[in-house]
Peer 1: 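Can you read through this structure? Questions will come right after.
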Amino acid sequence: MANIQVSTKINGDTYEFLCRPDETLLEVLRDRIGLTGSKEGCASGDCGACSVMLGDRVVSSCLVLGAEVEGQEVNTIEGMADGGNLHPLQRNFIKFAALQCGFCTPGFLVAAKALLDKNPDPTETEIRYWLAGNLCRCTGYDKIVRAVLHTAEEMRGQARG
Amino acid sequence: MADIDRLEKVDGFKVVGTRPNRPDGVDKVTGRARFGADIHAPGMLIGKVLRSPHPHAKILSIDTTRALALSGVKAVLTSDDFGDVPAMHQATLHNVMAHNKALYEGHAIAAVAAVDVAIARKAIKLIDVEYEILPHVTDVDAAMAEDAPLLHEDNFTSGIDPKPSKPSNIATWSEFGHGNLDEGFSQADIILEREFTTEATHQGYIEPHACLATYSEDGNSEIWCTTQGHFLVRDTCAALLDIAVSRLRVTASEIGGGFGGKTVVYLEPLALALSRKAGRPVKMVMSRSEVFRSTGPTSSSSMRVKIGVRKDGRIIAADAHLNYQSGAFGGFIAMLGAMCAYACYSLENVRATANEVLTNRPMQASYRAPGAPIVNFAVESVIDELAVELELDPIEFRLMNAAKEGDRSSYGPVFDQIGLIQTLETARDHPHYQATLAKGQARGMAVGFWFNFGGLTSVSLNVNFDGTVTVSVGRPDIGGSRAAMCQMAAEELGIPYDNVRTIIADTSSLGFNDTTDGSRTTFANGLAIIRAARGAIRDMCARAAKTWDIPEEAVEWVDGCARPCGSNAGDFEPMCIAEIARKSPKTGGPIAGHHEVNAEGAGVSFAVHIADVKVDEETGRTDICRYTVVQDAGKAIHPAYVEGQYQGGAAQGIGWALNEGYVYGDDGIMQNPGFLDYRMPVCSDLPMIEAKIIEIPNKGHPYGVRGVGETSIVPPLATVANAICSATGVRMTQIPMAPPVLLKAIEKNNKQV
Amino acid sequence: MKYLAPTTIEGAVRLLSEASGSTRILAGGTDTIVQLNAEQIEPDLIVDIKRIGEIRGITNENGGFRIGAAVSCAEMTEHDGVRDLWPGCVEAAGLIGSTQVQGRATIAGNLCNGSPAADSVPAMVAAGAVVRIIGTDGSRDVAVEKIPVGPGKTSIGADEFVHSIFLPPRPERSGDAYLRFIPRTEMDIAVVGVGINLTMDASGVCTAARVALGAVAETVLLVEEAGDTLIGTHIDDAALDNLARAVSAACKPINDKRGTVEFRTRVAGVLAKRVAKIAAERARG
Amino acid sequence: MVKVILWGGLRDLADGNSEFEFAATTIHKVFLRLIAEYPGLESELEDNVSVAVDGQIYRDSLFVSLPENAEVFILPKLQGG
């Protein structure tokens, strides 16, 4: 199984890596690039812990081959904060105690940001369905949904200035 | 002077009861936090496990030649690599690697370490195992049958006198209760007897088991792993590999959920043994399928419950018999179930008996209030049915029979101070219970009990020269407990929350700490931290006294400062922690406190859950429309994380009630070892879960803390079942109440009506 | 194993025709990569078709829409034109997997995976969708119901792949709908799925109806008898009861971890009534 | 004097007896007294019990002092998740 050379942008930086043809983007990020913020919970696309942005879509990086991202843009949890400034979602997840163990948190944040980028004023139901592919076993989702609702409101307020 | 043993609740909390940001928050939201699989070591190998494809089979031979010959394979491990172990560790050893027999599908047979994951996967397939397939049994009732295949030829049921003459799959029999059942039932006006079954569920933590082990040539070893108890990992691995405890240092990674499932070792001894053979660090990570097939689950069960009441609403006799399926090795879950069965009630005549039944399934592990939710489903369903028969409000009926201080508990001892009645009354008066039902919805409730534990605890607290404080604890933080630790230290020392940092120390840095389970962490760590802080305060007061040249008794600690008191009050300006700490090199050296204790007095707790549901009677689908948890926390140190425990427990219980469950084929193979078909609740399945914290102080803790982690999973099964019954008129006796099961029951009921 | 990503149809065809071992087409990857990760498949060659420009878009064709094989479900659900013309098909496509899966999964992949429980397939069968298949011998157009031949099996040759799926133009007063039954609200495989597409005349009488069922047989079923129960009626309660009976009668399901024979048969009828009502509502406008 | 009650699982090891009254000032002394009378209880009391003193549960504390007339209830070892 000859390795494939891939060139891609991750969190704005250019990376070149070699990977096996059957190696997933998640394995590449974690084991080759050293970005371990994306987690493997299932390797079958059922838990969302490995969510990353591929171009403008949120995807499960366990269901993307490393070879596929040649020439594409990948954004991960490690790229969400702006330097030292946390994204409002990150800040509010802490403030609202929207995490307990924190393992699913990177995936939730990436997916929630994708939602707010697309829909700045989601209803509770829209949030719940958008995030249905992100499993959390600790929180019962209550505080996660509240943190997203609050962040959306806060960001709309800022947008209005 | 600070009194280390002062245990009464302190008034006027400043930090306790607030909701500060957790110390590990930023690491967790940026992806920086390091969990079990997030670590690499130079020269690291990847380990993989070969697992049995058969539920029950004799291992005739294992040939590792072809695997070892594969380029890049550095070690292959079988049970031959382990020696004899003390009796108490034998089941653990035989579970981490099958010994002569594979006892369940997924049982570890061999393991390899190779230079990368692709080679390790390939090598696994090159291990040749010859099996003699044996008949298997996965059902709890079938396993108790006369002619059932035996898992262990040498298992004679314990707890029965005289000892049975024949071996069986019943590992243990246990019995609890008091009074005279026959007499009780003879006085009853209504007697209901019902049978129930429940299926096994998995703890379902999202982070699979993972570890990195390094065995050094000089015998010193290290393990990094995701666990609820790294001291337990250390002591177990040391015993299994016959190495001195002092030689093995275990560091707990951040842990991605456990719920009881990470209180057992699986990969750690294998990784360490592989590292010993290969001479290189070995990392092992389970796949999700391995997690389902080889770790965790709780028991499945069959149960019979019989309760008699008088017309005046008094329960006069109660009996229960439980058969809990405990997987391939015996456990203690059935016994705990029997103890919890009737713990909510004040009963003169009560009995609960239990069988712990061996089957060809993975060894069951603790799952949040182990054993309690299962029997609670059965008992609270019958209680609910009786309330309907008696035309009593379900909460009023429970209040009429609720256990209170001085009553003899159904599991034996008399209750001391307990808060069941306040919990029930709060639930009764709660806006949810008082609210008019939305159209098409119906309501159910149930009450649940759990013990809560304390246990072995060792902490240290160091005052840094700038007056900030570092606390080291020895229990992994699963749900934000570090925040509560900082709060309690800050409260006691009278300093800001942000001036305290709590870390989880490795096993070489502290004395033994029991595992993070049994809802013990905030209770037991907290108790020790408060005492450690009081020790540091006593030292700081003494140093101030010497500086001022006044008696130690004439110094008190207020708001983070030593100040003269009594006849010396006002003689000197207060000396605050930063100043005392800065001067400490010259006043006796570093200032620290520490405390080692077997924390007792955890205090039992009760919860009432209320659910409004909607049932689609054409498809058997149940939607949870509104849900409320009312539970006693003693004292909520960080209320947001207490609420989180209530909400999380409720969500897990709802999953158990409706859609989760192991599915086995006739072939004894688990059919749903993935999140696709093992259906845990997703975000869109649930409403907001209202968490109502009651605070009835536990006199066993300085601030009144009770454990809160487990009780919340006890009532949901019955709560949802009772709501479904009031929606449809159908009394479900089977968990999960998945749509095909519920629809069948509804249609049967419709035909009868 | 090799991974190759041709940029032209011809390139892809050549790769397939020259391949000696087992081959897998990679579109969204949401089934294929799951199987790869679980070591259920070990193909010698993976051909990623997403870099072929021609099949990456949705084009209007004679009043219908041609959906390229590499178009994700998310792109499809965001397309106003398709949503207006075939709301049932779009809803079905929108039910496949999570948000994360939606950004990758394709209806062509959903079809080629060969699952009898595929959500988009009953909707497409009801719609009369036509699949364009490309191979060494050129291209051929096939009715979507002719593709699945058994669980995991399709009539597409080893040297062929799906180019696009055509959702045809439709008469006035037409409506389609799809519902599935799952135990949770999301993330499950359909236990039963029902797609219905119908047309009415000006007086509200149903003049054409196609009913397709998922997860109740070895393949998705097109049940003509069920469609017939609606034709000539106002889709009133009596017609709906007949529909439910015809649908349940056509079910040949199995017992498995997701549902029982009894449950699937019963719920297929229940869903059919609900789906027919929605489709009729849409046809009435 | 304290009242000592054994849970059902220990009864057989104590010749069918489950309730006792004798003088003892700590849990440890209760155990010693029981073991002296019923040696079969030793390993159970060593490893497998918790003790409730007037309802307060102790999992592992031998030196808890017992109030006069205390009820000492010996339970199976409790474990959590």
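Chain A is the first sequence line, chain B the second, and so forth, proteins listed ahead of strands; every chain is numbered from 1.
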Peer 1: Drop me the distance from D/Ser18's OG to B/His178's NE2, to the nearest 0.5 angstrom.
Peer 2: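 Atom-to-atom, D/Ser18:OG and B/His178:NE2 are 13.0 Å apart.
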
Peer 1: Are there residues of residues 63-73 of chain D whose heavy atoms fall under 4.5 Å of chain B's heavy atoms? If so, which?
Peer 2: D/Glu71, D/Phe73

Peer 1: For B/Arg408 and D/Ile5, what are the C-alpha separation, side-chain angles and deciding distance, and is it a side-chain contact (heavy atoms from CB on, under 4.5 Å)?
Peer 2: CA-CA 12 Å; B/Arg408 180 160 302 285; D/Ile5 308 175; 4.1 Å; yes

Peer 1: According to ring pair (Phe, Tyr, Trp, His ring centres under 6.0 Å), who are the partners of B/His321, at least two apart in sequence or on a separate chain?
Peer 2: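 B/His321 satisfies ring pair (Phe, Tyr, Trp, His ring centres under 6.0 Å) with B/Trp173 once adjacent residues are dropped.
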
Peer 1: What's the shortest heavy-atom distance between B/Met339 and D/Leu75, and which atoms?
Peer 2: CE-CD2, 3.7 Å

Peer 1: Does any part of the side chain of B/Asp416, heavy atoms only, come nearer than 4.5 Å to the side chain of D/Asp54, both counted from C-beta?
Peer 2: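 In short, these two side chains do not touch, never coming nearer than 4.5 Å.
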
Peer 1: Supply the atom-to-atom distance B/Tyr411 OH to D/Ser50 OG, rounded to the nearest 0.5 angstrom.
Peer 2: 10.5 Å

Peer 1: In terms of heavy-atom proximity below 4.5 Å to chain D, should B/Ile160 be classed as side chain, backbone, both, or neither?
Peer 2: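 Only the backbone of B/Ile160 comes within 4.5 Å of chain D.
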
Peer 1: Less than 4.5 Å to any heavy atom of chain D: does that hold for the side chain of B/Asp514, its backbone, both, or neither?
Peer 2: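 Interface part for B/Asp514: side chain.
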
Peer 1: Let me see the working for D/Lys77 and B/Phe332 under side-chain contact (heavy atoms from CB on, under 4.5 Å), right down to the final yes or no.
Peer 2: CA-CA 9 Å; D/Lys77 185 96 169 178; B/Phe332 50 84; over 6 Å; no

Peer 1: Under 4.5 Å from any heavy atom of chain D, what part of B/Ala365 do you find: side chain, backbone, both or neither?
Peer 2: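 Neither part.
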
Peer 1: Under the side-chain contact (heavy atoms from CB on, under 4.5 Å) rule, what do D/Trp7 and B/Met335 come out as? Steps first, then yes or no, please.
Peer 2: CA-CA 11 Å; D/Trp7 82 283; B/Met335 183 190 76; 4.1 Å; yes

Peer 1: Just wondering, are more than 12 heavy atoms of other shown residues or ligands nearer than 6.0 Å to CD in D/Glu42?
Peer 2: no

Peer 1: Looking at chain B, which one of D/Gly16, D/Ser61, D/Gly9 has the largest number of heavy-atom pairs inside 4.5 Å, strictly under?
Peer 2: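 Between D/Gly16, D/Ser61, D/Gly9, the count favours D/Ser61.
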
Peer 1: What is the minimum heavy-atom distance between D/Arg59 and B/Arg520, and which atoms define it?
Peer 2: NH1-NH2, 2.9 Å

Peer 1: If you compare all heavy atoms of B/Gly159 against all heavy atoms of D/Asp12, which two are closest, and at what distance to 0.1 Å?
Peer 2: O-OD2, 4.0 Å

